[in-house]
*Asks:* 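Once you've had a glance at the structure underneath, I'll fire off some questions.
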Amino acid sequence: MSEENIKSPENRPSLNFLQQIIEEDLRNGKNEKRVHTRFPPEPNGYLHIGHAKSICLNFGLAKQYGGKTNLRFDDTNPTKEDVEYVDSIKEDVRWLGFDWEDREFYASDYFEKLYEYAVKLITKGKAYVCQLSGEEMSAHRGTVTTPGKESPYRNRSVAENLDLFARMRNGEFKEGTHTLRAKIDMASPNMLMRDPVMYRILKSEHHRTGMQWCIYPTYDYAHGQSDSIEGITHSICTLEFEVHRPLYDWFIKELEIYAPQQIEFARLNLTYTVMSKRKLLQLVQENIVNGWDDPRMPTICGLRRRGFTPESIRNFAETIGVAKRDNVIDVSLLEHCLREDLNKRAQRVMAVLRPLKVVITNYPENQVEELDAVNNPEDESMGKRKVPFSKILYIEQSDFMENPPKKFFRLAPGAEARLRYAYFVRCNEVIKNEAGEVVELHCTYDPETRGGNAPDGRKVQGALHWVSEARGIKAEVRLLDRLFIKENPEEVEEGHDYKENLNPASMETITAWCEPYLQDAQAGEKFQFERMGYFCVDKDSTSTHKVFNRTATLKDSFAKAGKA
RNA sequence: UGUCUCGUGGUGUAACUGGCAACACGUCUGACUCUGAAUCAGAAGAGUCCAGGUUCGACCCCUGGCGAGACAACCA
């Protein structure tokens with residue numbers, strides 16, 4: 001971000017509310033002036049662009065103020081978690097460019113400590129073992145407008161609670177029969193304070209602790225204490241945890257341990273996509289997309305496969321800012337960040353997506369010549385490459401019009417246009433099939449214009465990309481588009497489903513002609529197909545069959561103007 | 001009829017903590033151009049949810065409305 005653009009008198013960038021809180025804390029000498037954050041995913045799914053915002057926030061804030069960031073897996077529910085997810089999460093965070101060094105932690109690392117804390121609360125008379133069933137407990141909880149009723153087990157003696165809790169741990173009881181609950185206030189206007197469950201019995205294997213435990217702490221009980229144990233100063237989370245904060249603070253206070261501060265921010269929403277884990281999972285399970293890393297998915301791995309760069313995503317996170325109000329960011333901003341990055345770095349190349357055959361009638365039959373093409377006009381150091389030119393070549397179907405409108409700078413009957421880096425060509429004849437569709441153009445080239453300029457100073461407006469049939473290669477290209485047709489896919493009428501808003505054309509697969517340079521492109525490599533957009537080599541590619549994903553189109557003010 | 005949080009151009013985010021609203025994206029012009037891209041120059045677009053109040057002065061403070069979101073898993 002260019003500081004010099006900021007016009008404030010002090011030339012000082014404005015701070016978001018998180019930075020303001022941190023700076024205030026730093027001024028007041030809170031936490032020995034430390035800043036220590038954490039990114040705490042539950043390993044039960046893949047990370048998405050919304051997590052990227054949180055990751056950038058947590059690591060970014062710590063970095064800005066000379067602090068550290070922990071990666072902590074919030075693995076308190078063994079029934080939903082798996083190592084597959086912890087691996088993917090680590091890969092994604094690393095790919096985004098962040099380093100948690102040796103601070104890879106797990107809530108499960110603290111199970112013993114958490115148990116001790118629980119015993120302490122029981123001893124203080126602040127927790128009790130409850131034998132209400134799920135339905136009963138729910139009934140006792142009351143509603144949002146009416147107070148709850150106390151559990152009949154609420155006033156057991158400390159000794160009895162201690163005994164029962166130990167027996168819960170020993171596996172003497174069945175799942176669902178006993179819970180450990182915090183004794184707070186069944187009449188609290190905050191539902192979360194109505195004696196929340198701290199431990200439940202779950203006889204399933206944990207991906208790290210195996211069968212060592214059969215009681216597991218809930219999020220509310222584990223999270224704050226984990227933060228405390230790790231010495232987290234600012235525990236940043238999304239808005240839906242706002243109502244949890246009093247409970248977070250309550251545990252810390254009753255336990256008399258180090259108190260981190262929970263601060264909530266508004267989660268990211270993007271137009272034309274869904275972000276909830278549940279819906280994303282559904283898209284995968286119902287084969288609406290081809291896995292978590294389908295390039296149409298808003299997951300980090302999906303974006304990566306689509307061709308997004310970590311830099312573009314980090315810059316996006318920076319650009320959108322943070323606040324506490326609900327927001328919906330336009331995907332076009334994400335795309336803008338992508339283009340901004342790739343424009344500077346991507347190798348240019350020519351590829352014809354919808355080929356129209358062109359025969360240069362006055363060009364020698366078997367001749368192939370090599371022409372110089374610039375690899376990246378934004379970066380001279382990237383040099384030049386040779387592009388083969390021959391008698392038969394392909395141009396984009398949309399670069400020819402039989403009856404062109406006034407300002408059509410491309411090819412038309414009798415018109416002259418430039419083939420980029422090659423020659424001026426004039427269209428003399430239009431060949432059609434029985435259906436009357438244009439299938440081939442016969443053109444003549446002007447040998448004097450080699451390289452793309454006319455010695456007589458003659459001008460042509462545009463430059464068309466092209467690929468020569470000789471030496472050109474065919475490749476599969478996946479034209480990716482937004483997954484949904486509605487800005488807000490979740491906005492549906494009664495009885496309807498967000499899946500009805502799926503974009504049927506979110507992926508079109510075509511065969512394109514590419515210049516031979518692309519022959520050796522490796523999976524993950526990114527290119528700009530001149531005039532067409534940014535494309536990335538997909539992992540489905542083989543040495544003989546290249547597959548490209550369209551990451552984003554280029555801006556097209558001609559198309560926008562409504563052309564013909 | 002509960003509690004908490006939020007409400008600034010189309011979309012986001014700011015406004016030095018009270019001094020008549022800025023930046024980015026998007027949109028629209030024009031220049032340049034061998035990518036109708038990029039780049040460059042410029043324009044339009046909000047008077048800050050509403051109504052009162054305090055004040056010389058309010059997007060910032062107070063009161064009352066209205067609207068939006070979150071909360072009633074032994075999920076996180």
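In the text below, chain A, chain B and the rest are named by the order of the sequence lines, each starting its count at 1. The figures that follow rest on heavy atoms only: side chains count, while hydrogens, waters and symmetry mates do not.
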*Asks:* Sort and list the pairs that fulfil ring-ring contact (aromatic ring centres under 6.0 Å, His included) and have at least one residue in residues 317-348 of chain A, not counting sequence neighbours.
*Replies:*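 Sorted result for residues 317-348 of chain A: empty, none.
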
*Asks:* Would you indicate what Phe408(A) reaches in the nucleic acid, counting non-hydrogen atoms under 4.0 angstrom: base, sugar-phosphate, or nothing?
*Replies:* base

*Asks:* Would you indicate what Lys407(A) reaches in the nucleic acid, counting non-hydrogen atoms under 4.0 angstrom: base, sugar-phosphate, or nothing?
*Replies:*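 If one applies the 4.0 Å heavy-atom cut-off, Lys407(A) turns out to touch a base.
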
*Asks:* With heavy atoms under 4.0 Å as the rule, sort Tyr421(A) into base, sugar-phosphate or nothing.
*Replies:*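 Base, at least one base heavy atom under 4.0 Å.
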
*Asks:* Strictly below 4.0 Å, heavy-atom distances to any atom of RNA chain B: list the hits from residues 42-50 of chain A, or just say none.
*Replies:*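 When residues 42-50 of chain A is checked for heavy atoms under 4.0 Å from RNA chain B, the hits, listed by number, are Glu42(A).
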
*Asks:* Whole Å only: how far is the CG atom of Asn327(A) from the P atom of A70(B)?
*Replies:* 14 Å

*Asks:* Roughly how far apart, to the nearest Å, are C61(B) and G57(B) at atom C1'?
*Replies:* 13 Å

*Asks:* Reckon His336(A) has a side-chain N or O less than 4.0 Å from the OP1 or OP2 of C25(B)?
*Replies:*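 Yes, His336(A) has a side-chain N/O under 4.0 Å of OP1/OP2 on C25(B).
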
*Asks:* To the nearest angstrom, how far is Asp326(A) atom CG from G69(B) atom C1'?
*Replies:*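 It is 5 Å, rounded to the nearest whole Å.
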
*Asks:* What contact category does Met350(A) fall into here, base, sugar-phosphate, or nothing, at under 4.0 angstrom with non-hydrogen atoms?
*Replies:* nothing

*Asks:* Represent RNA chain B in dot-bracket notation, 5' to 3'. Only Watson-Crick or G-U wobble pairs with both distances under 3.5 Å count; pseudoknot-style crossings use [ ] and interstrand partners use |.
*Replies:* .((((((..((((.....[..)))).(((((.......))))).....(((((..]....))))))))))).....

*Asks:* Which part of the nucleic acid, if any, lies within reach of Arg141(A) when heavy atoms closer than 4.0 Å are counted: base, sugar-phosphate only, or nothing?
*Replies:*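 The residue Arg141(A) makes sugar-phosphate contact but no base contact.
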
